[in-house]
Structures are given as structure tokens and as C-alpha cells.
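One structure, as C-alpha cells, below. Some questions next.
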Amino acid sequence: MTRRIPDKPALEGLEEKWDAHWETEGTYRFDPSKTREEIYSIDTPPPTVSGSLHMGSVFGYVQTDAHARYRRMSGKEVFYPMGWDDNGLPTERRVQNFYGVRCDPSLPYDPDFRPPDTPADPPISISRKNFIELCHGLTKEDEKVFENLWRVIGLSVDWTQTYATIDTHSQRTSQKAFLNNLARGEAYSQDAPVLWDVDFQTAVAQAELEDRERPGAYHRVAFHGPYGPVYVETTRPELICSCVALVAHPDDERYQPLFGTTVTTPLFGVEVPVLAHPLADPEKGTGIAMICTFGDTTDVTWWRELDLPTRAVIQPDGRLQEAIPEWLTGDGARVYSEIAGLFPNQARRRMAELLAESGDLDGEPRQITHQVKFYEKGERPLEIITSRQWYIRNGGRDEALRKELLERGEELRWVPDFMRIRYRHWVEGLTGDWLISRQRFFGVAIPLWYPIGDDGAVDYEHPIVPGDDQLPIDPSSETPDGYDESQRGEPGGFMGDPDIMDTWATSSLTPQIVGHWVDDPDFFARVFPMDLRPQGPEIIRTWLFATTLRSHFEHGTLPWHTATINGWILDPDRKKMSKSVGNVVTPMPLIEEYGPEAVRYWACNARPGVDTAVDFGVMKIGRRLAIKILNASRFALGFTEDDVPSEAITEPLDRSMLAGLAGTVAAATEAFEDYDYARALELAERSFWDWTDDFVELVKTRAYDGGEPGRSAHAALQLALSVYLRLFAPFLPFVTEEVWSWWREGSVHRATWPQVGEFEGVTGDPAILEAVSAVLGEVRRAKSDAKASMRLEVDLVEVTADEEQVELIQMAESDLMAAARARAVEYRLGEFGVTSHLADTADA
RNA sequence: GGGCCGUUAGCUCAGUCCGGUAGAGCGCUCGCCUCACACGCGAGAGGUCGCUGGUUCAAGUCCAGCACGGCCCACCA
């Protein structure tokens, strides 16, 4: 095709132009008719759309996109869908804050409800259905913002293959997988103590915990024993009313006489046994601890292993129950009335006063800071309450399964490799099964009903299971087969499970969701097990582990062959970015200032898995590279209207350059195969700058002069440019596509990745260019030292070199003389050195 | 308490797998409007490779220990 080269090529506007073009051309459209061997499938992380956009979002996705583009150019049909994680608590919270509303499931649906323009204060209570409608509406808006960012930044996803973790297809997949887990005994429900967030009023899973440092105080409290007071140091005196036993280490000589006896609790006078358990730490506090139901997870362990009674007072809302507990009588009941209905921190202060008054508090409470468990999205410490919840087995209570899952972790290819250790430690440290039920609203419902006996008791052990063709279902509004809606909640009738599933219970199925496991087995077989799971390091314990678990149960395989784990993004001062610190850098302003290619360059410049600071300097370099590509391309393509055949490449210098470039192609390809996009970029970049600085300067005169030697240069420039554009295409998709369009049909992103074979018959000795460049460099130095223009003529260049070097330089002598503006070159044998006799300058 | 990653020029980072004369870019200094590019080109200065030992003819690179930073995990009496 005839070349069309703009006079003043520029980067501005390229992203809009090419995004629109790729969309209409279907450049990244997935062809599902290809076979599994021809397909490269990527299990893209669905971003949390209700979260904010930040540089971390861009960072990992761009790195993955570069790899996807490499695979596509390498001949693979790339399956690269995009999803949105809109399901779950982050969306609920955003909707609550955005509109000023709260969900009250007891309210009826109001079909005419419209949210206020500004957040209502105090919040308006609305029905569950109204609330969910708002969630759907707002996530749609958020998804548009994300899609726009991904398009501007040039992700080569197939926009016809999008999904949302709350959409009907995802719900169906999630419910089907859960029911399969249930049928195989991998999912079960039980009534047991769970970690509970009192603000969100939901159970939370081990993977969602985080420890935070909080101030506390040791209260040294006297229990009354047969041989006098027994002192216990506790940070939670408000739970003395829940005390069921004291416990010390079996080998602790101080407490040996007490084992088997009973003591009475201070103020409440409840008689509790003194027991021995190896988990009790003689070094902590006084070495003897009170067991309450429940103050912490150790209490749960003791309670279970020592078979203790349950005396719980903490309610789901976090307060101590109003009613006097049945095990408290007389004075105990009167004391309890002092703390009934309070929050734990209020009750704690009151108890300290009461204990001090009664003389049971020894000394003043001693202030400490200690680690307290929080829900990672929560604001108040977790409590432990007993409730019925659904679990999926994960090896936390089953050594055989744990071993299988550890083996899956070893089987997986990790990039970088050390990330596998995080998985291993997580699986080794699991202490219980995965709690998947949540007492929330915006999520995938647990697809079960329960029969209610004639006595009104709910039979949780024999859930009513929907048929596959009914999925997805909402058991709170749909009726199971064989029942009538009027029987809901009635004796002899049924009830729907009111809970939803943990968001990870759905997003752990992204391979099954995008692969259409539930509705298109043929499609699924073409993409699964998938090739690549790219993700962040912080969700190895959640998303990566849970996806591995579900695939292990459902398919008996790993869900993917390789997992690439990107690094953390730090702010420009190398601090972790966080909203509370206020140092979050958002991508859009940077993209507008430096251009998308610059931001992509920054992301791809970071090594796989390495924590990386936002660096405007690196972005500037990326922008400079993109501009250089435009200008160098204009030069390389400016000599002829049409392509010059490769046979014209006869000059030794041209063949030398191409030999070096062939080496770069081989090395860059190897780096990409190793998932080291950053190395591939570095190789291409270093080669390209050398090319423009030395080779282009050396052949410039010959290229302008024309003739056979000129045609050799034209053909060599053209071939090299074609290779460079393709080497850079994964990183700088817009500028490479722009230049490609000047002289090539079709998209560079569907062009073939450069092959070493393309250089067959046009390569020479790579040492020629190196030798000539070395001499040219010395002449430039001489001119610089003389503070002269590079245009200054040189009367004579005296080159001292060994015989072999001299021969190499002579192969491109005329190019060297033209580039150096030398009238003559002389050679002598010896240690390499160059003496340049500069022409007299006019004023010197 | 356990673990993982990092510590190389003023800054941001390569180089460590496979030991052999310290690299890039930015910034800085000095030049150059050279017909692809002044959003450019050329040149230069700048580092006892966190610390202490060890192995070796030779250590930024291998081994041991330590310090500092970041992250993950751990039963919060």
C-alpha cells in the first residue's frame, strides 16, 4: 500500500482514534471456534467497581495486557474477558453513603421510590428490594467509569465478553457450584460460634480478618477458691458473667492443687471448674485464664475441647442482652442489671467500678496495647456469637484435603516464584472451614429452603434443593416445588434461607463464569483449565486460594496453569497508598498529562511482582519513547512510496544491524515466554535507542543519496522498523498502531510477533556496527570536547585498532565518514584509539 | 513470635539464578537550532553495591549473622 506519513506526527488523540477503530474492527474479538491448543485464556480479576480507581488498578492490568498482546501476536487466540465485582458489602456501603439509605428487610417494596439527589441525613430506611435496585443502578454507573479507564489505557479485552459477579449468569453459576458442593458433602451448615461484625451484623470468614493494635487494660480480678483468691488478669471483665471455667497449663505447679476444684466468679458468684489445658500459657498474665463464651477464638477452642457449657450474653448488635441470664441469680442478677444492654466497652468500665467497690479488683487496671481482630472492612472489634452458618470445607479441619490443596499450590506455576510461599503458609495456617454465608442483602442467595415441622421447628438438616432449571433462585421470594407461598414460615410449611453468600464464594468461580461452565460445555472445554490468573498479592489467601479450592472440588484440576502476582503500588514517596492517609494517586489525571502510553510504560517498566512507586520521571521517559517512535518512523519510511524488497539489503552495515536486531528479537521472545514483560521492554528499548543514535545516523547520507546502496538502507530501515513496531506493540499499543497504519494493512496487534526467521538471508556480522559505532563515538567526543557542532568537518580520523577491527570498520567506511563528516580515515595497528583532526572553525 | 521481599550513583531502578575491570534513565554540568525528532542531539561528572564475618586466586553476586524498611501470618488471658 502507498505510504501516508503525516508531516507532524503527534501522540495527542491516538487513544480515542484507535479505541474506536479496534471496536468497529473487532480487533480483540475472541473466536470461540478455535481449539484449546490454539487458545490462550486469561482469568482476569474483576475489579471492585464500588471501590475507587487508583494506580494499583492500572498497574497490574497493564502488565497483563502486555502479555495478552504478546500471546495474541504469537498466534494464540486470546480469551481475555473483563468482569466487574459488584456483589457484596463494598457496594452496599457505597449505596448507603451515596444516597443516605439503609436496608430494612421488614419494610414492603415501594415501586415509586426514588433516591434523594443528595444523601439523606439521617438515612432513609428502604425495603430490601428497593435497596438492591439501588445497588444495581449505581454499579452500572461505576462500571462505565471503569470501562472508560480500561479503554483509555488500551486494554485489549473483548468487550463483548463482560460479566458482573451479581449478574444472572454469575448467580446461576455460583448457586449451581454451591449445590454441587452440598451434594458431594463439601458444603455443610452448623450452629456454632462465629466471628461476627456488630456493625454490619454479619458473620465473617478467617480470610477477611485483620489484626489491629488497640489500647486495652489488664484487670487483675479475684476469683474465690478453696484456698483463697485466685487472680486472673483479663482485658474483658465485662465477660466475667459469661465465664464457664478457669484454665491453666497442666504442668503449671502453681495451679496443680486447684485442678479439679471449683471457684466462684467475682460479683456473680457462679461456680466454675478449674481445668488444665496445654494451650494455657504460664507466661501470660497470672498463668491462669478465664474461659468465657466467647471472648476470643481461644475460648472457642477450650469450650469445644473441654466440653463446656455456653453462657453467651453478646447479642448480634454487639450489646449485652437485656434479659437477666438464667444462670445468674440473687446478687449476680442484680449486678448484671447494671451492665445489661450496654456495649462491651461501656460494660467494661462499669464492671471495673463494681469490682473495685467489692474489693475484687487488685490494683488499678494496667494499660496495654494489644492485637484485636477486626473485619477488614469493619470499624469495631469482632465479637463471637453462636449462629447457624454455611461452610465449605477447605482443609482447615481435614489434613487429607489440606495436603491435596498444598499439592495444588506446588503444581501451579507462580510468577514470581516466591509468591507460592504465601499460599503455602495460608493453607498451612487454616484453622477452620470457609464460612460462606453472610447476613447481608446484595449478593447471591444461598439457594435453599428448609422444611418447617408441624411443631414449628425448622429442619436445617434436610434443606429443600431447587432443580438446575430453576437457577438462579431467591428463596426469600420464590416458593419450592410442592409448597404454596402461603406456607412460608408456617408450621408444616417452609422457610427460605435468608442469607447470601460471601462475595468470594462467587468470584472463586470466575473461570466457570467466563467459561460458561453451566450452559456451554463445549465453550468451557476450549478455555479451561485456563492459562493465566493475574492478580494482586493481597488476595492470594482469598481469591486465588478459593478459586483453587472450587476447581479442585468441581473438576479435580488446577483452575489455571500459571498465576502472575503483581507488586504493590506505593506513592511517589514510597509509602503505601491509602485513602485514610490521603496519598492516593488516581490514574486519569496522569493519563491526561503524560498520555496512556507513558503510564503503560511505567507499569511495564516494573519487574514482575516488585513493589513499585508511582514515578512521574519514568512516565516522562515512556512519553519520550513514544514520540521518538513517531519521528524515527517518519524518517525510516520517508524515502520511498512503496516497500523495497529485502533482496536489496546488500550493504554490510545494514546486514550487521539486522543481525543484532535478530538477537534482540530472540532475547525479547524468551523474556516474554518467561512472563518477564519488563525485560522484553528493556531489550527492545535499548536496541531501539542504539538504532536511532548510531545506525540511523550512519546510514542517513547514504539513504538520501539513493542508488543501490541507498535502496539497501531503505529496505533495512523498513524491515527494522517493522520489527521494532511489533516489539513495542504490547507496551505502546496506540503509537505502534498509528505508525503501522501509515504503511501496513490491518492491525499491528494481529500481526505476527517478530520471528528470527524473518532475518534469514539479510544478516551479516553484528560486530561491524559495533566497531563503527565505537569510532563514531570517539569522533563525537572530540567534537564535544572542542565544544564544536556535530556538523564540524574532520580533516582526518586516525583509527588505531587490531587487524580484525580495521577490516570491520572498512566494511562501512563511507557511512562512517559521512556520519563523522570526515574527509579521510587512516588506520594503524595497535590498541584501540581514535584521534580526530578537526577542521579549523571559522572563529578559532 | 514465625515467614517473605527489599537495602546498588542525589532520585527511580537493572545487574544477584550461571562469582572475574560497577550499569540505565532522570536530575546535574558543558556543548550543539545536525535537512526524523529542540517533546531534540552529543559529551561529562557522580557509587568503599546496608553492616559484620566466612568461602574463594577473585564476592554487589555464594554462605552465616545482624540492622533498617515494607508486607504476610500467629490463640486478642
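The sequence lines fix the lettering, A, B, ..., with proteins before strands; numbering per chain opens at 1.
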* **Same-atom distance (P) from rA24(B) to rA43(B), integer angstrom** =>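 Roughly 11 Å separates the two P atoms.
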* To do: May I ask you to say what G295(A) touches in the nucleic acid, namely base, sugar-phosphate or nothing, with a heavy-atom cut-off under 4.0 Å?
  =>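 Answer is base: heavy atoms of G295(A) come under 4.0 Å of a base.
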* Asked: Touch check for D299(A), heavy atoms < 4.0 angstrom, all strands: base, sugar-phosphate only, or nothing?
  ->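 No contact at all - D299(A) keeps every heavy atom at 4.0 Å or more from the nucleic acid.
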* Asked: Between rA77(B) and H370(A), is there an OP1 or OP2 to side-chain N/O distance shorter than 4.0 Å?
  -> yes
* Asked: Out of rC75(B), rC73(B), rC41(B), which nucleotide sits closest to the side chain of T298(A)?
  -> rC75(B)
* Run the salt-bridge test on E233(A) and R366(A) with the 4.0 Å N-O cut-off and return the result as yes or no. => yes
* Asked: With a non-hydrogen cut-off below 4.0 angstrom, is I627(A) in contact with a base, only sugar-phosphate, or nothing?
  ->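 I627(A): base contact, heavy atoms under 4.0 Å.
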* Structure fact -> Partner of rA77(B) under the Watson-Crick or G-U wobble criteria, both distances under 3.5 Å, comes out as none
* R623(A) side-chain proximity, nearest of rC76(B), rU34(B), rC39(B) ->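 Closest of the options to the side chain of R623(A): rC39(B).
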* Using the P atoms only, state how far rG27(B) lies from rG42(B), rounded to an integer number of Å. =>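 Approximately 15 Å lies between the P atom of rG42(B) and that of rG27(B).
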* Asked: Of R780(A) and K620(A), whose closest RNA chain B nucleotide lies nearer the 5' terminus?
  -> K620(A)
* To do: Salt-bridge test for R212(A) and E210(A): reply yes if a basic N is under 4.0 Å from a carboxylate O, no otherwise.
  => yes
* Asked: OP1, OP2 of rA74(B) versus side-chain N and O of Q206(A): anything below 4.0 Å?
  -> yes
* Asked: How is E793(A) classified with respect to the nucleic acid when contacts are heavy atoms under 4.0 Å: base, sugar-phosphate, or nothing?
  -> nothing
* Asked: Rounded to the nearest Å, what distance is computed from the CH2 atom of residue W568(A) to the P atom of nucleotide rC72(B)?
  -> 7 Å
* Would you mind pulling out the nucleotide paired to rC35(B), Watson-Crick or G-U wobble, both distances under 3.5 Å? =>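 The base-pairing partner of rC35(B), which may sit in any strand shown, does not exist here.
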* Asked: Within the structure shown, what part of the strands sits under 4.0 Å from A280(A) by heavy-atom distance: base, sugar-phosphate, or nothing?
  -> base
* Asked: Can you say whether the rings of H277(A) and W302(A) are parallel (under 30°), tilted (30 to 60°) or perpendicular (over 60°)?
  -> perpendicular
* **Below 4.0 Å: OP1/OP2 of rC76(B) and any side-chain N or O of T235(A)** => no
* **Rounded interatomic separation in angstrom, taking CD from E685(A) and P from rC26(B)** =>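 Rounded to the whole Å, the gap is 10 Å.
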* Closest to the F418(A) side chain, choosing from rC41(B), rC4(B), rC35(B) -> rC4(B)
* Asked: Roughly, in whole Å, what's the span from CG in L732(A) to P in rC39(B)?
  ->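 It is 20 Å, rounded to the nearest whole Å.
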* Would you classify W602(A) as touching base, sugar-phosphate or nothing, given that sugar-phosphate means primed atoms plus P, OP1 and OP2, and contacts are heavy atoms under 4.0 Å? => nothing
* **Atom pair distance, as rounded to whole Å: CZ in R781(A) and C1' in rC41(B)** => 16 Å
* P atoms of rC35(B) and rC41(B), separation to the nearest Å ->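 It works out to 13 Å between them.
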* **From rG3(B), rC37(B), rA77(B), nucleotide with atom closest to N631(A) side chain** =>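 Closest of the options to the side chain of N631(A): rC37(B).
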* Asked: Does anything in residues 692-701 of chain A reach RNA chain B, meaning a heavy atom under 4.0 Å, and if so which residues?
  ->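 Residues of residues 692-701 of chain A under 4.0 Å from RNA chain B: T692(A), D693(A), V696(A), E697(A), K700(A).
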* **Integer-rounded Å distance: rA43(B) P and L792(A) CG** => 16 Å
* Taking atom types as they are modelled, is there a donor-acceptor pair under 3.5 Å from the base of rC37(B) to the side chain of K628(A)? -> yes
* Say you pick atom C1' in rC68(B) and the same atom in rG31(B); how far apart are they, in whole Å? ->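 Looking at atom C1' only, rC68(B) and rG31(B) are 43 Å apart.
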* To do: Could you work out which one of rG70(B), rC13(B), rG3(B) sits closest to the side chain of D611(A)?
  =>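 Side chain of D611(A) sits closest to rG70(B).
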* Asked: Centre of W689(A)'s six-membered ring, under 6.0 Å away, within 45 degrees of the axis: is that where NZ or CZ of R624(A) sits?
  -> yes
* For nucleotides rC62(B) and rC18(B), find the distance between their P atoms and express it as a whole number of Å. => 9 Å
* NA contact type, T301(A), heavy-atom cut-off 4.0 Å: base, sugar-phosphate, or nothing? -> nothing
Name the atoms and distances for all side-chain donor-acceptor pairs under 3.5 Å in residues 598-605 of chain A, with sequence neighbours left out.
residue	atom	partner	partner atom	Å
R600(A)	NE	F731(A)	O	2.8
R600(A)	NH1	D65(A)	OD2	2.9
R600(A)	NH1	I153(A)	O	2.9
R600(A)	NH1	G154(A)	O	3.1
R600(A)	NH2	D65(A)	OD2	2.7
R600(A)	NH2	P730(A)	O	2.8
Y601(A)	OH	E685(A)	OE1	2.9
Y601(A)	OH	E685(A)	OE2	2.7
W602(A)	NE1	A613(A)	O	3.1

* **Earlier contact from the 5' end, RNA chain B, for R679(A) and L11(A)** =>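 Per heavy-atom nearest nucleotide, the more 5' residue is R679(A).
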* To do: Assess R220(A) against Y231(A): is NZ or CZ under 6.0 Å from the centre of the six-membered ring, and within 45 degrees of the ring's axis?
  => yes
* **Shortest non-hydrogen contact from A217(A) toward Q367(A)** =>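 Looking at all heavy atoms of both residues, the closest pair is CB-NE2, 3.8 Å.
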* Asked: Tell me: NZ of K787(A) to P of rG44(B), nearest whole Å?
  -> 12 Å
* **Distance between P atoms of rC33(B) and rA38(B) (Å, rounded)** =>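 rC33(B) and rA38(B) have their P atoms separated by 14 Å.
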* Send over the distance from R420(A) CZ to rC73(B) P, rounded to a whole Å. =>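 Nearest whole value for this atom pair: 19 Å.
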* Nearest to the side chain of V618(A) - rU12(B), rA77(B), rC37(B)? -> rU12(B)
* Check the distance between rA24(B)'s P and E682(A)'s CD and give it to me in whole angstrom. =>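 It is 12 Å, rounded to the nearest whole Å.
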* **Quiz item: cation-pi between R607(A) and Y677(A), 6.0 Å / 45°** =>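 No, a cation-pi geometry is absent between R607(A) and Y677(A).
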* Within 45° of the axis and under 6.0 Å from the centre of the six-membered ring of W426(A), does NZ or CZ of R541(A) qualify? ->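 Cation-pi check for R541(A) and W426(A): passes.
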* Asked: What is the pairing partner of rC68(B), taking Watson-Crick or G-U wobble pairs with both distances under 3.5 Å in any strand?
  -> rG6(B)
* To do: Take atom P in rG15(B) and the same atom in rC72(B), then report the distance between them in whole Å.
  =>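 Looking at atom P only, rG15(B) and rC72(B) are 25 Å apart.
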* Asked: Taking the inter-plane angle between the rings of F688(A) and F728(A) on a 0 to 90° scale, is it parallel (under 30°), tilted (30 to 60°) or perpendicular (over 60°)?
  -> perpendicular
* Structure fact -> Side-chain atoms of M790(A) come closest, of rA14(B), rU34(B), rC72(B), to rU34(B)
* **Mate of rC62(B) where both pairing distances stay under 3.5 Å, Watson-Crick or G-U** =>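 Partner of rC62(B): rG54(B).
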* To do: Could you tell me whether the phosphate oxygens of rU34(B), OP1 or OP2, come under 4.0 Å of any side-chain nitrogen or oxygen in K783(A)?
  => no
* To do: Considering non-hydrogen atoms only, spot the tightest contact between R823(A) and M817(A) and give its length.
  => O-CE, 3.3 Å
* Determine: side-chain N/O of R624(A) to OP1/OP2 of rC41(B), distance under 4.0 Å, yes or no. => yes
* When all nucleic acid strands are considered with a 4.0 Å heavy-atom cut-off, which category describes D615(A): base, sugar-phosphate, or nothing? ->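 The answer is sugar-phosphate, as D615(A) gets under 4.0 Å only of primed atoms, P, OP1 or OP2.
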* Asked: Do the ring planes of F695(A) and W691(A) sit parallel (below 30°), tilted (30 to 60°) or perpendicular (above 60°)?
  ->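 Rings of F695(A) and W691(A): parallel, under 30°.
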* Complementary nucleotide for rU29(B) - Watson-Crick or wobble, under 3.5 Å ->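 Base partner found: rA43(B).
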* **Base-pairing mate for rU16(B) - Watson-Crick or G-U, with both contacts under 3.5 Å** =>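 Here rU16(B) is not engaged in any pair, so there is no nucleotide opposite it.
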